[in-house]
Asks: 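Sharing a structure with you now.
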Amino acid sequence: GKYFSMLFGLLFSLGLTIVETYEVMEISEQWNLGNYAHSVTIILFAILWIGFCLELRLILNLAGKSKESETGNTTEEIEELPTSGKNDTEEGNG
């Protein structure tokens with residue numbers, strides 16, 4: 001169900017990131033920047049892997065929120081609970 005779908009998406013993202021890593025190496029070789037090639041390659045790798053890490057964080061956040069919604073214990077529901085037993089009309093009359 002959901003677990004296998006999430007696992008498949010994570011493995012697909014990891015595989016895609018690895019393929020993109022090889023593409024970055026090919027692109028940096030084709031640009032032939034001389035002394036700057038190593039620096040540009042490192043910057044492109046950093047952008048690529050930072051994007052993957054952000055995607056992991058998004059997946060983990062969404063997994064945590066779906067787990068909260070399954071149990072029904074969310075902070076929003078707790079904040080919406082009234083603090084006293086009176087409603088607005090009773091406070092105005094009393």
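Source: prediction; values computed, not measured.
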Asks: Working to the nearest 0.5 angstrom, can you tell me the gap between Glu20 CD and Ile27 CD1?
Replies: 8.0 Å
Asks: Should Ile59 and Leu14 be counted in the same cluster of Ile, Leu, Val, Met, Phe, Trp and Tyr side chains packed under 4.5 Å apart?
Replies: yes
Asks: Using the side-chain contact (heavy atoms from CB on, under 4.5 Å) criterion, which residues pair with Leu56? Sequence neighbours excluded.
Replies: Leu10, Phe52
Asks: Pick from Val40, Ile42, Thr41, Leu48: which one makes a side-chain contact (heavy atoms from CB on, under 4.5 Å) with Leu44?
Replies: Val40
Asks: Any ring-ring contact (aromatic ring centres under 6.0 Å, His included) pairs touching residues 5-32, not counting sequence neighbours?
Replies: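 ring-ring contact (aromatic ring centres under 6.0 Å, His included) check on residues 5-32 returns no pairs.
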Asks: Under the side-chain contact (heavy atoms from CB on, under 4.5 Å) test, which residues partner Leu54, sequence neighbours left out?
Replies: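 Testing Leu54 for side-chain contact (heavy atoms from CB on, under 4.5 Å), a comparison that skips the adjacent residues, returns Ile50.
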Asks: Using the test side-chain contact (heavy atoms from CB on, under 4.5 Å), find all partners of Phe4 that sit at least two apart in sequence or belong to another chain.
Replies: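 Here no residue qualifies.
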Asks: What residues, two or more places apart in sequence or in another chain, satisfy side chain to side chain donor-acceptor pair (under 3.5 Å) together with Ser13?
Replies: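 Partners of Ser13 under the side chain to side chain donor-acceptor pair (under 3.5 Å) test: Glu55.
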Asks: At what distance, to the nearest 0.5 angstrom, does CG of Leu58 lie from SG of Cys53?
Replies: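 The CG atom of Leu58 sits 13.0 Å away from the SG atom of Cys53.
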Asks: Check which hydrophobic residues are tied to Ile47 through side-chain heavy-atom contacts below 4.5 Å, counting indirect links as well, and list them.
Replies: Ile43
Asks: Excluding sequence neighbours, so at least two apart, what forms side chain to side chain donor-acceptor pair (under 3.5 Å) with Glu29?
Replies: none
